Each structure stands twice: as C-alpha cells, then as structure tokens.
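The block underneath contains the structure these notes are about, expressed in structure tokens.
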Amino acid sequence: MTGGSTTGDDGTRPVDTEAEEDQYANEPWPLWEVFVRSSRGLSHVHAGSLHAPDAGMAVRNARDLYTRRNEGVSVWVVPANAITASDPDAKGAYFESAAGKDYRHATYYKKSEGVKHL
Amino acid sequence: MSGESATRISAGEAFTAEDIAAAVEAGTRASDDVAKYAMRLGDDSLILAQRLGWWISRAPELEEDVALGNIALDLIGHARSFLTYAAGAWDKTEDDLAYFRAEAEFRSAHIVEQPNGDFARTIARQLVVSYFQYELYSRLVDSTDETLAAVAAKAIKEVAYHRDHSAQWVLRLALGTEESRRRMVDGLTLVWPYVEELFVDDELIDQLEGVAVRPSALREPFDALIGEVLAEAELEVPDVPGSIGGGRQGRHSEHLGYVLAEMQVLAREHPGASW
C-alpha cells in the first residue's frame with residue numbers, strides 16, 4: 001500500500017526478522033490476460049491484461065477496465081503465466097514458410113470461364 | 001404536459017440528472033418535504049463519493065484505483081439526480097446545493113464523512129453504506145414519487161456492484177494474512193458506531209409515508225445480509241456503542257468541514273467555472 005502517513009495509519013506492526021518483513025512486502029498482484037466477447041462477436045477476443053489478487057477479482061477488474069462502454073457480454077480471464085507463446089525471435093522459422101505459398105489464398109486462382117456471379 | 005412528453009419517466013431506462021432537470025423545468029416539482037428527503041439521499045452519496053475519490057492514485061494497485069473511482073462516479077451520478085430533484089423545489093440547481101451550502105445545511109449521515117483510514121477501513125465503510133443503500137433503493141423503487149422511484153431503479157444495479165466489491169474485499173482481507181485480518185477487524189470496529197444513525201426514523205420520514213422508505217424497517221434485512229458476509233469472513237459483528245448521530249439534522253462531526261472545503265473551494269473561488 002502506498003500513501004504513508006496520509007492514510008491515517010502509522011504503519012506500526014511487529015517486524016522482528018527479515019522473514020517477517022517479507023511477509024508484509026507489497027508483492028505485485030499476478031497478471032491476467034482478459035478476453036471479451038462482444039454482443040456481435042462469436043468468439044472471445046483478447047482485450048488486454050490487468051493485475052488482480054485472484055481470478056474472482058480479475059473478472060471484476062476486467063469488467064471495470066474493459067467493458068466500460070457496453071463492449072462485452074462475456075469475459076474470460078486467464079493467468080498470464082498459463083499461456084505458452086511462440087518465440088518472437090523465431091518468427092521467421094515459424095511463419096515464413098506460409099509466405100511463399102500463394103496458393104493458400106483464394107486470389108491465387110483464376111476464375112474459370114463461364115462462371116458467373118463469383 | 002402531454003402524455004407523450006419526452007421527459008416521461010420510466011424505470012430501467014437511461015435516466016440522468018439532465019432528464020430530471022428537464023422534468024423540473026416542465027413542472028415536475030417535489031414538495032418541500034420530498035425535496036428534503038431527496039437531499040438526504042443525495043448528500044449521503046455526494047460526501048461518500050468525495051471521500052472515495054481520494055483513493056485515486058493511492059489504492060493498492062492501479063486496478064483498484066479504477067474500481068473505487070468507478071464507485072465514486074456512480075455515487076456522484078445518484079447524488080446529481082437526487083440533488084437536481086431537490087433543488088428544483090427551491091428554484092436552485094444541483095450545483096447550488098453541492099457547492100454553496102454550509103456544513104450545517106448538509107443532511108448526510110456521519111458514516112460517509114468518516115476518514116478513509118487505511119484500505120480496510122474504507123472497505124468497511126463501503127460495505128455498510130452499500131448494503132444500506134441496496135436495501136433502501138430496493139424499496140424506494142415502489143415509492144409513490146415517480147422521480148425517486150426512477151432514480152432508485154437506476155441506482156440499484158450500480159449499488160449491487162458496490163455491495164459485491166466491498167464484500168469480496170472483506171473476505172479477502174479477513175481471510176488473507178494476519179496483518180490484513182487485523183486491519184479488517186480494526187476498520188469494522190472504527191466504522192461500526194456510525195451504523196445505527198442510518199436506521200433512525202424521524203418526523204420527516206413520518207410525514208412522507210409511501211414516498212420515503214422507513215429506515216428502521218431496513219435494519220433487520222441489513223443485519224441478516226451483513227451477518228452472512230461477516231460469518232463467511234469469520235468476523236464478529238463489532239460490539240461497540242452507537243455514536244450520537246445528528247447528521248440528518250445538520251449536526252456533523254469534525255470531519256465534514258474539511259471534506260466540504262476541498263469539494264467546494266473551486267466552485268466558490270471561480271463561480272460558474274466549467275471545463
């Protein structure tokens with residue numbers, strides 16, 4: 001907690017050993033990733049992240065931070081450390097092979113003669 | 001006024017202080033007694049909002065700054081509606097009532113002017129006020145006064161969230177560490193003397209049968225619901241004597257003057273300022 005004496009709290013508490021001091025240290029809350037499904041959307045879309053002490057408070061904080069303007073009908077929160085991500089530095093190896101493969105796109109193909117309304 | 005007037009009030013729809021101001025303009029005026037009652041309700045929300053606003057940038061985490069700030073803004077919304085309605089009865093505006101009344105003219109209960117203390121004490125105060133307001137508004141929706149009923153119908157959904165927010169924090173602080181539990185117990189003990197005043201009936205309430213909600217009738221459901229939260233948090237209802245009260249008659253504790261000084265200084269230094 002911040003604020004010092006202006007909170008009206010002198011902060012007195014028994015601190016005998018370093019271990020006990022650690023117990024009261026202000027550890028940052030864990031990070032959560034927030035996914036919001038809008039009323040028009042079919043799937044939950046990543047909206048951002050936030051800090052919260054636990055999952056229940058994370059959902060509540062997400063409501064305050066990411067659904068302020070009626071964006072959402074459903075919210076998911078996921079512990080950020082539960083997400084396994086691809087390595088950003090290995091981007092080339094992961095994604096480059098798709099780049100040369102134009103035939104994976106519909107625009108690669110020529111329209112056959114005689115096909116109307118395509 | 002025609003039946004299809006744009007200022008027609010219906011519960012549940014977006015309903016703002018501006019709508020009420022327009023209705024007042026069109027002739028929907030509160031009687032003197034109804035205005036006095038609306039002013040009480042508005043003052044409770046206004047002073048508590050001013051107190052909560054202090055936490056912005058000072059809460060334990062940024063997310064909690066936002067949560068408390070949201071609650072404060074909801075309360076300002078409720079205060080604006082009640083005070084606009086009250087002010088209309090006396091040819092005044094919401095700003096006249098908020099910024100240009102002296103301390104003894106405020107009718108808020110003592111609990112809302114109590115210092116923030118630490119986070120736990122603020123949460124204890126918020127728990128009491130949110131549960132009180134929820135019980136109050138859930139009955140005010142049936143008031144014979146359409147404006148009060150409509151304001152309550154809008155406010156109750158927001159207060160339901162305030163209740164949940166404070167209850168969740170009471171559980172976490174009480175069942176967290178030894179230190180957080182100590183602070184939660186201290187916070188409740190400091191706040192509890194001011195609970196009783198919220199449930200006192202007086203002459204004004206007697207005169208507004210059917211319009212106002214009788215505060216004494218809220219005590220039992222309040223105790224039952226708060227009791228559930230405290231039991232889940234393994235906390236006792238503090239056994240402390242009630243304070244003397246007097247806020248509804250304009251007799252306040254030493255704290256309100258400082259709250260008002262900060263809240264009113266800008267409007268008084270620069271009348272009519274806007275941004």
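Just so it is clear, the model here is predicted, and its values are computed rather than measured. Just the heavy atoms: all of them, side chains too, but no hydrogens, waters or symmetry mates, feed the values below. Just so it is clear: chains get the letters A, B, ... in the order the sequence lines come, proteins before strands, and each one is counted from 1.
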Exercise for review: Output the distance between atom CG (A:Asn61) and atom CG (B:Leu62), rounded to the nearest 0.5 Å.
Suggested key: 9.5 Å
Practice item. Evaluate whether atom CD of B:Glu18 has more than 12 neighbouring non-hydrogen atoms of other residues, nucleotides or ligands under 6.0 angstrom away. Key: yes
Review point. Regarding A:Arg60 and the six-membered ring of B:Tyr161, is the cationic atom NZ or CZ under 6.0 Å from the ring centre and inside 45° of its axis?
Key: no
Review point. Do A:Met57 and B:Arg172 touch side chain to side chain, with heavy atoms closer than 4.5 Å?
Key: yes
**Study point:** B:Asp239 atom CG: more than 12 heavy-atom contacts under 6.0 Å
**Key:** no
Check your understanding: Checking side-chain contact (heavy atoms from CB on, under 4.5 Å) for the pair B:Glu63/A:Leu65: CA distance, chi angles, key distance, verdict?
Key -> CA-CA 8 Å; B:Glu63 285 77 1; A:Leu65 291 165; 3.6 Å; yes
Review point. Is it the case that more than 12 heavy atoms not belonging to B:Ile244 sit under 6.0 Å from its CD1 atom?
Key: no
Exercise for review: Taking atom CG of A:Leu42 as the centre, report whether more than 12 heavy atoms of other residues, nucleotides or ligands fall under 6.0 Å from it.
Suggested key: no
Exercise for review: May I ask you to check whether over 12 heavy atoms, not counting those of A:Tyr109, lie within 6.0 Å of atom OH?
Suggested key: yes
Check your understanding: For chain A, which of B:Val66, B:Asp186, B:Asp164 has the most heavy-atom pairs under 4.5 Å?
Key -> B:Asp164
Revision key, fill the gap. CG of A:Asp54 to CD of B:Gln168, rounded to nearest 0.5 Å, is 8.0 Å
